[in-house]
Amino acid sequence: MLSKSSSIAVHQPLLHFLLLLLSNFSWATSSSNSSTPQNFIQCVTINSQLSVPVVTTLFTPNTSSYISVLTSTLSNLRFLEPSFSKPQFIFTPLHDSHVQAAVLCSRKLGFHIRIRSGGHDYEGVSFASHFQTPFILIDLINLRLVDVNIEQNSAWVQAGATIGELYYRISQKSKVHGFPAGICPSVGIGGHITGGAYGSLMRKYGLAADNVLDARIVDVNGQILDREKMGEDLFWAIRGGGGGSFGIILWWKIRLVPVPETVTHFKIGKTLEQGALKLVSRWQQVMDKLDEDLFMNVRFTVINSSCNSSVNQRTLRIDYNALFLGDCNRVLQVVEKSFPELGLERKDCMEMSWAESAFYLFSYGKPVESLLEVKTSPRIYFKAKTDFVTVPIPEEALDELWTRLLKEENEPMIWTPFGGMMSKISETEIPYPHRKGILFMIQYLSTWEDEEDSERHVDWIRELYEYMTPYVTNSPRLAYVNYRDLDLGINEKNTNLLTLTSSDHWGIKYYKKDNFKRLVQVKSQVDPDNFFRHEQNVDGDEAVIQSEFLNDSDAEVNEIAVQSEPSFVRSYSSVIELLEEVQQVYRKEIEAEDSLPSVSEKPVEENVAGQEISAGFDSEGVGVGGEKITRGSSITSVEWDELEIVKVRPHSSRKRDDAEDGACER
């Protein structure tokens with residue numbers, strides 16, 4: 001019989017090899033003996049610069065605060081229904097290194113993850129699953145620092161901060177700086193920018209994603225990459241390529257833009273009885289050509305008619321909701337010259353600061369301090385869809401549209417004007433492609449209060465969307481990824497069976513073909529095993545890259561089976577069996593000496609997955625405040641039976657280079 005020392009020498013390298021092999025399979029399995037919240041938090045603590053307070057960062061269904069944390073930023077009640085999977089547990093990191101460790105440990109322990117920054121995802125893919133697949137939620141709600149540098153016309157903002165918090169911090173430093181993001185204060189900035197992010201300054205300065213200077217992202221290997229380290233391809237992809245595909249955004253470095261100290265807001269409403277049809281027809285003809293300092297969207301609201309008080313008759317009110325970068329005198333001149341039919345008068349104007357205008361465009365006025373309120377919009381059930389228009393919709397089509405809208409309630413449609421800077425930026429500059437030639441974007445919206453009404457309202461919006469087919473873009477029929485719509489198609493759990501033409505794939509609708517093809521190629525390089533995935537993530541599988549619908553513009557209907565899991569997963573169970581057999585032999589031989597291996601004071605070079613526990617922590621970078629980030633810790637002993645960590649030893653510090661969702665508009 002081998003001695004204890006020789007037994008260790010012979011079998012431990014083999015164990016490490018098998019454990020390393022096993023780690024490459026672990027992400028594909030939904031659970032394992034080591035896949036518990038306790039093991040996850042223990043692993044994260046070892047791999048993090050800072051300790052992880054369990055009580056304030058880890059929430060399981062057995063904890064009293066689980067539901068309140070899950071729903072804290074949720075805006076769409078549809079995803080609380082039993083048909084949608086809920087996370088096995090929620091992790092709310094307090095530091096960048098916690099996020100790094102969460103990625104590493106999720107891969108090691110076989111957890112599928114979802115990432116939430118604000119909770120406004122229209123289809124809930126950031127915090128719920130349509131696949132019925134076990135997953136955990138990494139909620140960035142605690143990562144909300146904003147560091148504004150007026151001298152450099154820039155700011156670093158963490159992914160968990162809201163639009164409102166960003167606007168407020170800018171306003172406290174300057175009255176003449178702004179940022180072209182959305183008008184819903186509770187939207188999380190992390191996911192917002194990943195989809196492009198439009199708002200009231202878009203006609204002047206483009207999208208939020210057009211004004212990103214740098215970023216920090218945790219990649220699939222747990223490394224923090226800035227723009228220089230990630231390279232221009234990945235930097236291109238994360239600015240409009242949608243969230244949840246390429247990594248976890250930690251920080252955005254944004255370019256601040258000049259705004260006048262005084263801006264003007266106005267809102268003018270007309271009902272159908274007051275000539276709304278003619279006015280909205282005229283708006284379609286002139287809006288993209290108006291002064292780029294003027295943003296004027298159109299909101300359609302079903303109301304009770306006041307024409308006949310004895311009859312409960314409904315009508316449609318069309319509101320022209322505007323922000324002008326200047327004072328009332330100038331906007332009166334601009335509108336009188338280009339859109340006199342609106343009938344704008346001085347009494348309609350309200351002058352204010354740019355930060356104050358965010359609330360007015362969101363349909364109500366509040367003090368600037370209210371931007372710090374992180375409470376989400378009123379929680380409702382809703383379903384949304386989007387379209388883009390390049391030719392004005394004829395009046396006869398609008399008549400039928402009004403009839404259909406009157407069957408719904410509340411505010412069933414919003415039109416957002418394009419033109420200005422949006423027409424000057426190339427459609428391939430970032431993944432967001434909706435640029436020159438777009439007159440306006442349509443958001444269809446159905447909202448309701450009772451779960452029992454879900455089917456009726458979803459059917460209504462789908463029928464409306466079908467009716468609008470002749471009047472919007474086609475081949476492809478475009479859509480906006482931040483208003484995610486799973487009706488366009490999803491990635492199946494095990495296979496993605498694509499039975500569609502080149503223009504039917506959801507990726508082509510969101511990004512157009514050239515941009516989507518580039519996104520797929522980037523994904524194949526940075527996350528080839530598709531660790532970051534959800535129902536509509538960009539998939540870098542080779543079958544997708546080579547598929548006809550991306551490479552043949554004249555392709556007929558194709559049927560392409562795309563495997564979402566590597567082929568070697570099929571042999572996963574045999575690896576486990578082999579590992580168990582080796583462990584049994586190893587244990588029998590060392591038990592002959594009546595003891596287990598003693599704990600070595602020398603750090604073991606591999607972790608439970610057979611890889612360096614600190615892998616991925618050598619990426620250089622500092623936080624906004626210039627703090628040093630140290631590496632994690634190494635495991636010095638492992639209990640092989642349970643694969644649980646017994647003892648850890650911190651690594652020494654290392655300096656890092658100074659590298660530098662309610663239905664809201666996003």
Side-chain angles (χ1 to χ4, degrees), residues 183-184 198 200 203 264-290 294-308 312-324 331 334-336 338-345 347-350 357 360-364 382 384-389 391-419 438-447 460-461 464-465 467-468 471-472 483 663-665:
I183 63 176
C184 181
Y198 76 90
S200 60
R203 301 188 69 250
T264 303
H265 165 74
F266 67 81
K267 180 178 178 180
I268 294 178
K270 302 287 186 181
T271 64
L272 295 179
E273 294 78 11
Q274 295 171 328
L277 175 60
K278 294 293 183 182
L279 193 59
V280 79
S281 295
R282 180 60 178 162
W283 179 91
Q284 293 185 88
Q285 297 169 359
V286 304
M287 193 58 243
D288 66 311
K289 306 174 188 66
L290 292 181
L294 179 61
F295 173 88
M296 186 193 309
N297 67 13
V298 181
R299 293 173 174 262
F300 299 76
T301 307
V302 177
I303 63 171
N304 290 324
S305 175
S306 59
C307 295
N308 188 342
N312 186 18
Q313 185 175 356
R314 303 207 302 171
T315 188
L316 199 65
R317 188 184 72 222
I318 302 177
D319 292 314
Y320 299 83
N321 200 26
L323 173 70
F324 182 75
V331 72
V334 168
V335 174
E336 178 60 31
S338 303
F339 193 17
E341 297 87 348
L342 185 61
L344 179 65
E345 301 178 10
K347 64 179 178 60
D348 300 315
C349 297
M350 296 180 63
S357 71
Y360 282 90
L361 284 172
F362 191 53
S363 77
Y364 56 89
F382 73 86
K385 302 176 82 68
T386 53
D387 265 323
F388 289 85
V389 177
V391 178
I393 302 171
E395 289 189 7
E396 57 269 24
L398 292 177
D399 273 332
E400 173 62 20
L401 177 59
W402 303 160
T403 300
R404 291 173 178 270
L405 293 181
L406 287 171
K407 295 178 181 179
E408 187 56 10
E409 302 169 357
N410 303 316
E411 187 179 76
M413 193 166 62
I414 302 172
W415 291 2
T416 298
F418 277 53
I438 300 294
L439 299 181
F440 58 95
M441 179 179 70
I442 300 176
Q443 179 183 188
Y444 313 100
L445 189 64
S446 181
T447 64
W460 173 85
I461 197 170
L464 178 64
Y465 184 76
Y467 166 75
M468 292 296 291
Y471 311 111
V472 298
Y483 293 151
C664 291
E665 291 171 347

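These figures come from a predicted structure and were not determined experimentally.
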Going from [atom1] on [X] to [atom2] on [Y], what distance comes out if it is rounded to the nearest 0.5 angstrom?
| X | Y | atom1 | atom2 | value |
| --- | --- | --- | --- | --- |
| Gln443 | Glu411 | CD | CD | 8.5 Å |
| Met287 | Phe418 | CE | CZ | 12.0 Å |
| Met296 | Ile268 | CE | CD1 | 7.5 Å |
| Phe266 | Leu342 | CZ | CG | 5.5 Å |
| Leu316 | Leu405 | CG | CG | 5.5 Å |
| Ser357 | Leu323 | OG | CG | 4.5 Å |

query = Are Lys385 and Tyr465 in a cation-pi setup, meaning NZ or CZ lies under 6.0 angstrom from the ring centre and within 45 degrees of the ring axis?
reply = yes

ask   = So among Phe295, Phe300, Tyr444, which one has a ring-ring contact (aromatic ring centres under 6.0 Å, His included) with Trp415?
value = Phe300

State whether the side chain of [X] and the backbone N or O of [Y] hold a donor-acceptor pair below 3.5 Å, judged by distance alone.
| X | Y | answer |
| --- | --- | --- |
| Glu395 | Leu277 | no |
| Trp283 | Pro417 | no |
| Trp402 | Leu272 | no |
| Arg203 | Leu290 | yes |
| His265 | Ala322 | yes |
| Asp399 | Glu396 | no |
| Glu400 | Ala397 | no |
| Arg282 | Glu341 | no |

inquiry  = Working note: Asp288 + Phe440, criterion side-chain contact (heavy atoms from CB on, under 4.5 Å); need CA distance, chi angles, decisive distance, verdict.
reply    = CA-CA 8 Å; Asp288 66 311; Phe440 58 95; over 6 Å; no

request  = Starting from the C-alpha separation in whole Å, work towards a yes-or-no answer on side-chain contact (heavy atoms from CB on, under 4.5 Å) for Met468 and Ile393.
outcome  = CA-CA 9 Å; Met468 292 296 291; Ile393 302 171; 3.6 Å; yes

query = So which heavy atom on Gln285 is nearest to which on Lys289, and how close?
reply = O-NZ, 2.8 Å

Minimum heavy-atom distance between Ile461 and Ala384, given as atom pair plus value = CD1-CA, 3.8 Å

Ion pair Arg317/Asp319, N-O distance below 4.0 Å = yes

With no hydrogens and no angle check, just 3.5 Å: does a side-chain donor-acceptor pair link [X] and [Y]?
| X | Y | answer |
| --- | --- | --- |
| Ser446 | Glu408 | yes |
| Asn297 | Tyr320 | no |
| Thr315 | Glu273 | yes |

request  = Side-chain contact test, heavy atoms from C-beta onward, threshold under 4.5 Å: evaluate it for Val335 versus Pro340 and give yes or no.
outcome  = no

inquiry  = Counting C-beta onward and ignoring hydrogens, is there a side-chain heavy-atom pair between Pro412 and Trp460 closer than 4.5 Å?
reply    = yes

message = Could you check whether atom NZ of Lys407 has more than 12 heavy atoms from other residues, nucleotides or ligands sitting under 6.0 Å from it?
response = no

query = Among Ile318, Leu279, Ile442, Thr416, whose side chain to side chain contact (heavy atoms under 4.5 Å, CB included) with Val298 holds?
reply = Ile318

message = Set out, in order, the CA-CA distance, both residues' side-chain angles and the distance that settles side-chain contact (heavy atoms from CB on, under 4.5 Å) for Ser338 and Val286, then state yes or no.
response = CA-CA 7 Å; Ser338 303; Val286 304; 5.7 Å; no

request  = For the pair Tyr483 and Tyr198, name the ring-plane relationship: parallel under 30°, tilted 30 to 60°, perpendicular over 60°.
outcome  = perpendicular

